[in-house]
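So the structure is just underneath, and the comments pick up after that.
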Amino acid sequence: ADDCDDSDPNSNTMATDADCDGVLAVDDCDDNDPNSNTVATDGDCDGILPADDCDDNDPMSPSIEDDGDCDGHLIYVSGPIDQDTTWIRSLDPYYIVGDTHLQSDITLTIEPGVEVVYTGAYKIEVEGTLLAGGTSTDPIHFSSSTPGTSSGATMLLFKGAALDDSQLDHAVMEDAAYAIKIGEETEHAQGGKNTGTLTATNLVVDNADINTDGYQTGAALVLEDAELNDLLIKGNYPRSEHISIHTSTITNSEINSDSYNEGIGIYDSTVDGSTFSIGCCGANFEIVRTEVNGSSFSDYNDSYSVRF
């Protein structure tokens, strides 16, 4: 079936015109349709037909994870980012293949529409400045290499950063352990303290938690105009940063102000089918001008504050 390649009826070559459509392309094992001119599906002729099969220009390679848009660009990211860098739409997707560290005093700019794909339980640790500004028509997309299955990644871990300097706007974040994590400390293992407030706007977050985990930093996380689905929003024990959520929707999620957490505020929002849980000793909820439907509240101590 794949012998229209080079006018040699005895040839076993199958990389040129495998589907006999007259198009002579390296990636011509496209879709088992001999009349099709499509050339982007089974680029390496391995019989696997995923959308990201223009992998490494090797027609016999079974690899399917590299060049998802068949543009010839294979971008792998891991290790330190030690100079100002821009991730541009024309070169995406950017595959996170190891822990990545945006160093202090360095700026990473991510253009609208860029896809950032995590191939495993890796993190982008932000100590410098992140400028990730999508648009309503071209959001930045942070995702798992296996759609619908968590990569286990910590997509953005802010640690030792001046949060006021960073921007996160119009982004989709899905299928990870954490979408956003502020800090990574305990009472007895402190370091990498953040300052200021990260204000993230116009996010859609699915199946990826939002977490504060610093210790007495005075920093804060603010979410505005977000859609938060199937996740855990948590201020960790002890004394982790305050979380404020404004004009947002929260669905099928858990909201937890753990013991000694600086609290979680929800304002002008809607919460559906979710659970609220609260610890002791300063843990608190402030829920103002917010509609709460089909949701439950529970506590695991008797010293806390809930204000409606």
Side-chain angles (χ1 to χ4, degrees), residues 78-85 96 98-110 121-133 142 152-169 171 173 176-201 203 205 208-224 226 231-246 255-265 278-286 304-305:
S78 67
I81 299 175
D82 55 8
Q83 59 184 344
D84 291 348
T85 300
I96 309 303
D99 288 340
T100 301
H101 179 206
L102 176 59
Q103 295 184 344
S104 178
D105 299 320
I106 301 299
T107 298
L108 171 63
T109 302
I110 305 179
Y122 306 122
K123 64 187 175 186
I124 296 179
E125 181 178 324
V126 179
E127 185 181 5
T129 299
L130 174 69
L131 300 178
F142 298 87
T154 299
M155 289 177 161
L156 297 174
L157 168 62
F158 291 85
K159 191 172 179 180
L163 299 177
D164 291 328
D165 295 339
S166 286
Q167 174 195 20
L168 183 60
D169 179 47
M173 310 178 80
Y178 299 99
I180 300 170
K181 188 171 185 180
I182 305 295
E184 194 174 46
E185 300 182 89
T186 68
E187 182 178 1
H188 303 292
Q190 299 183 42
K193 291 184 181 295
N194 295 295
T195 61
T197 299
L198 175 67
T199 300
T201 52
L203 302 186
V205 185
D209 295 347
I210 293 170
N211 184 264
T212 58
D213 194 34
Y215 184 84
Q216 286 187 323
T217 66
L221 172 64
V222 175
L223 304 176
E224 297 179 351
L231 53 84
L232 169 65
I233 303 163
K234 183 175 182 178
N236 279 4
Y237 166 87
R239 308 191 190 283
S240 58
E241 296 84 351
H242 188 270
I243 301 171
S244 297
I245 302 171
H246 300 261
I255 305 107
N256 176 215
S257 178
D258 205 353
S259 297
Y260 295 91
N261 167 239
E262 295 294 336
I264 297 175
I278 192 166
C280 79
C281 313
N284 66 91
F285 287 126
E286 185 175 54
Y304 55 82
S305 171

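Just so you know, residue 1 is the first one in the sequence shown, and it goes up from there.
- The two residues I278 and N256 have their closest heavy-atom pair at N-ND2, 4.1 Å.
- Side-chain contact between L231 and D209: present, with at least one pair of heavy atoms (C-beta onward) separated by less than 4.5 Å.
- Closest approach of G263 to S257, counting heavy atoms only: CA-OG, 3.8 Å.
- Heavy atoms from other residues, nucleotides or ligands lying under 6.0 Å from CZ of F285 number more than 12.
- Looking only at distances, no side-chain donor or acceptor of T100 sits under 3.5 Å from a matching main-chain atom of I124.
- Taken from CD1 in I233 to OG1 in T212, the straight-line distance is 11.0 Å, to the nearest 0.5 Å.
- Atom OG1 of T129 is separated from atom CD of Q103 by 13.0 Å, given to the nearest 0.5 angstrom.
- Side chain of N261 to backbone of A283: no donor-acceptor contact under 3.5 angstrom is found.
- Checked for salt-bridge contact, D258 and K234 meet the test: a charged N lies under 4.0 Å from a carboxylate O.
- Closest approach of A176 and M155 over heavy atoms only: CB-CE, 3.7 Å.
- Checking side-chain atoms of D164 against main-chain N and O of A162 turns up no donor-acceptor pair under 3.5 Å.
- Test L168, L163, L221 against F158 for side chain to side chain contact (heavy atoms under 4.5 Å, CB included) and you get one pass: L163.
- Expressed to the nearest 0.5 Å, how far CD1 of I210 lies from CG of L203 amounts to 7.0 Å.
- In this structure, the side chain of D99 does not engage the main chain of Y122 through any donor-acceptor pair within 3.5 Å.
- In the model, S240 has no side-chain atom that pairs as donor or acceptor with a side-chain atom of D213 under 3.5 Å.
- Note that OG1 of T201 is 12.0 Å distant from NE2 of H246, once rounded to the nearest 0.5 Å.
- When every heavy atom of G279 is checked against every heavy atom of S259, the shortest pair comes out as CA-OG, 3.5 Å.
- Shown here for Q190 and E187, the closest heavy-atom pair between the two residues is NE2-O, 2.9 Å.
- For the residue pair E241 and T217, a side-chain donor N or O sits within less than 3.5 Å of a side-chain acceptor on the partner.
- When atom types are taken as modelled, the side chain of D84 and the backbone of I106 share no donor-acceptor pair closer than 3.5 angstrom.
- Distance check, rounded to the nearest 0.5 Å: OH of Y178 to CE of M173 gives 13.5 Å.
- In this structure, the separation between OH on Y260 and SG on C281 is 4.0 Å, given to the nearest 0.5 Å.
- The shortest side-chain heavy-atom distance between T109 and T85 does not fall under the 4.5 Å cut-off.
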Please assess T154 against E184 for the test side-chain contact (heavy atoms from CB on, under 4.5 Å), listing each intermediate value before the final yes or no.
CA-CA 11 Å; T154 299; E184 194 174 46; over 6 Å; no
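- Heavy atoms only, all atoms of each residue included: L198 and I182 are closest at CD2-CD1, 3.9 Å.
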